[in-house]
Visitor: 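Take a look at the following structure, please.
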There are 2 protein chains.
Amino acid sequence: MPVDPLRRYPGYAIRRVSAWTMAGLAERLEEFELRPSEASVLVVIGENSGITQSELGKMLGIVSANMAPLIARLEARDLVARKPVDGRSFGLSLTRAGARLAETAFAAMQEHERDLIARIPPASRAGFVEALQALLDELQD
Amino acid sequence: MPVDPLRRYPGYAIRRVSAWTMAGLAERLEEFELRPSEASVLVVIGENSGITQSELGKMLGIVSANMAPLIARLEARDLVARKPVDGRSFGLSLTRAGARLAETAFAAMQEHERDLIARIPPASRAGFVEALQALLDELQD
DNA sequence: TATTGTTATACTCTATAACTATA
DNA sequence: TATAGTTATAGAGTATAACAATA
């Protein structure tokens, strides 16, 4: 009987869908003992060996204050190595174990993405992806 | 020079866009001293006077353990009134001040939604909204 | 037994401020 | 002065467990 006055608003829908899909991804990554943010960091380092923390943070929208302990955890697990590039910044790279885990985690993430897309009516998939890309471009600044 | 391997994935894009738009909404609601979750609760109660906490939580995806303190805060500010409907549940309604604030906050939320839509290329808006509705329907269970 | 609401607690993501060290 | 990174702290949303009271 109750009426939901917010359902029709895309911003509200994004919020709900995001929370839902992130919970699903977190569950999927649990077996690797990786949070979503940690998995995305591993994948990005794997594709950009030598990237610095600040570059990584800029790409993923993670402020440096949060990046520091995140990288520290991955380094403590011997998944990521840090080598000074100058006196104040580090080049990040994956260890053997890190590269292996990044690949497995990325596969899980891609499977998760496929499951998500599969739930969208085919006719609206293209517009959905285009709109998200446009919004993501907006926030790249 | 660095390459972002995640940009093209809609699930990842949803996560980033959600965080961004929610931060914008939170900023917009700051002048009313309302969090996004509190504002949405006010609006839903306004449209469904007498709704119980459990019904409200089911609609908005808020578990009862988190609904309790949220409602308590709104009641303490004299925005929401609780009347027992039976020995264990309460019917929620807005006070005069609550109704006034709900209306103002809803207007701000709608303005925020308009700004979001305006950033989407017109050609992909329909698909975007349709896809989100389909996903929201999925998670209604 | 199931439902409603509460309390306590914890996790994740996000953010700001203050700081050190280096460019 | 500006940049890279660190530490401490806080806010917001989400979640589970344990519980009391009621249906």
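Note on naming: letters A, B, ... go to the chains in the order of the sequence lines (proteins, then strands), and numbering restarts at 1 for each one.
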Visitor: Are there over 12 heavy-atom neighbours, none belonging to Gln110(A), within less than 6.0 Å of that residue's CD?
Guide: yes
Visitor: So, taking the atom named CE in Met67(A) and the one named CG in Leu56(A), what distance separates them when rounded to the nearest 0.5 Å?
Guide: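 Met67(A) atom CE to Leu56(A) atom CG measures 4.0 Å (nearest 0.5 Å).
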Visitor: Please determine whether a side-chain nitrogen of the Lys or Arg among Arg7(A) and Asp137(B) lies less than 4.0 Å from a carboxylate oxygen of the Asp or Glu.
Guide: yes
Visitor: Just checking Ala65(A): base, sugar-phosphate only, or nothing, at a heavy-atom cut-off of under 4.0 Å?
Guide: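 It contacts base atoms.
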Visitor: For Tyr12(B) and Glu113(A), test the side chains for any donor-to-acceptor distance below 3.5 angstrom and give the result as yes or no.
Guide: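 Glu113(A) and Tyr12(B) do not have a side-chain donor-acceptor pair below 3.5 Å.
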Visitor: Within the structure, does a side-chain N or O atom of Ser54(A) lie under 4.0 Å from either OP1 or OP2 of dT3(D)?
Guide: no
Visitor: Specify the separation, in whole Å, of atom CD of Glu27(B) and atom P of dG11(D).
Guide: 17 Å
Visitor: Grab the CD1-P distance between Ile71(B) and dT4(C) for me, whole Å please.
Guide: 15 Å
Visitor: The test is side-chain contact (heavy atoms from CB on, under 4.5 Å); show your working for Ile120(B) and Glu130(A) and say whether it passes.
Guide: CA-CA 9 Å; Ile120(B) 301 172; Glu130(A) 283 166 22; over 6 Å; no
Visitor: Can you tell me how the ring of Tyr9(B) sits relative to the ring of Phe106(A), calling it parallel under 30°, perpendicular over 60° and tilted otherwise?
Guide: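 Tyr9(B) and Phe106(A): perpendicular rings.
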Visitor: Show me the donor-acceptor pairs, under 3.5 Å and distance only, between side chains in residues 18-37 of chain A and residues at least two apart or in other chains.
Guide:
from, atom 1, to, atom 2, distance (Å)
Thr21(A), OG1, His112(A), NE2, 3.2
Arg28(A), NH2, Asp115(A), OD2, 2.5

Visitor: I need the CD1-P distance between Ile51(B) and dT4(C), as an integer number of Å.
Guide: 12 Å
Visitor: A quick test of your reading: do over 12 heavy atoms of other residues, nucleotides or ligands sit less than 6.0 Å from CD of Glu111(A)?
Guide: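 Yes, CD of Glu111(A) has more than 12 neighbouring heavy atoms, counting only those of other groups under 6.0 Å.
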Visitor: For nucleotides 12-14 of chain D, print each protein N/O atom paired with a nucleotide N/O atom at under 3.5 Å, atom names and distance only.
Guide:
from, atom 1, to, atom 2, distance (Å)
dA12(D), OP2, Arg35(B), NE, 3.4
dA12(D), OP2, Arg35(B), NH2, 3.3
dG13(D), OP1, Ser37(B), N, 3.2
dG13(D), OP1, Ser37(B), OG, 3.4
dG13(D), OP2, Ser37(B), OG, 3.0

Visitor: Of the nucleotides dT7(D), dG5(D), dG5(C), which one has an atom closest to the side chain of Ser64(B)?
Guide: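 Between dT7(D), dG5(D), dG5(C), the one nearest the side chain of Ser64(B) would be dG5(C).
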Visitor: Which residues in residues 75-94 of chain A have a heavy atom closer than 4.0 Å to any atom of DNA chain D?
Guide: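 Going residue by residue through residues 75-94 of chain A, the ones with a heavy atom under 4.0 Å of DNA chain D turn out to be Arg82(A), Arg88(A), Ser89(A), Phe90(A).
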Visitor: Given the rule in the side-chain contact (heavy atoms from CB on, under 4.5 Å) test, do Leu6(A) and Val44(B) qualify, once you have shown the distances and angles that lead to the verdict?
Guide: CA-CA 8 Å; Leu6(A) 303 177; Val44(B) 170; 4.2 Å; yes
Visitor: Roughly how many Å is it from CE in Met67(A) to C1' in dA15(C), rounded to a whole number?
Guide: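 Rounded to whole Å, this separation is 14 Å.
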Visitor: Can you check whether Gln53(B) has a side-chain N or O nearer than 4.0 Å to OP1 or OP2 of dT3(C)?
Guide: no
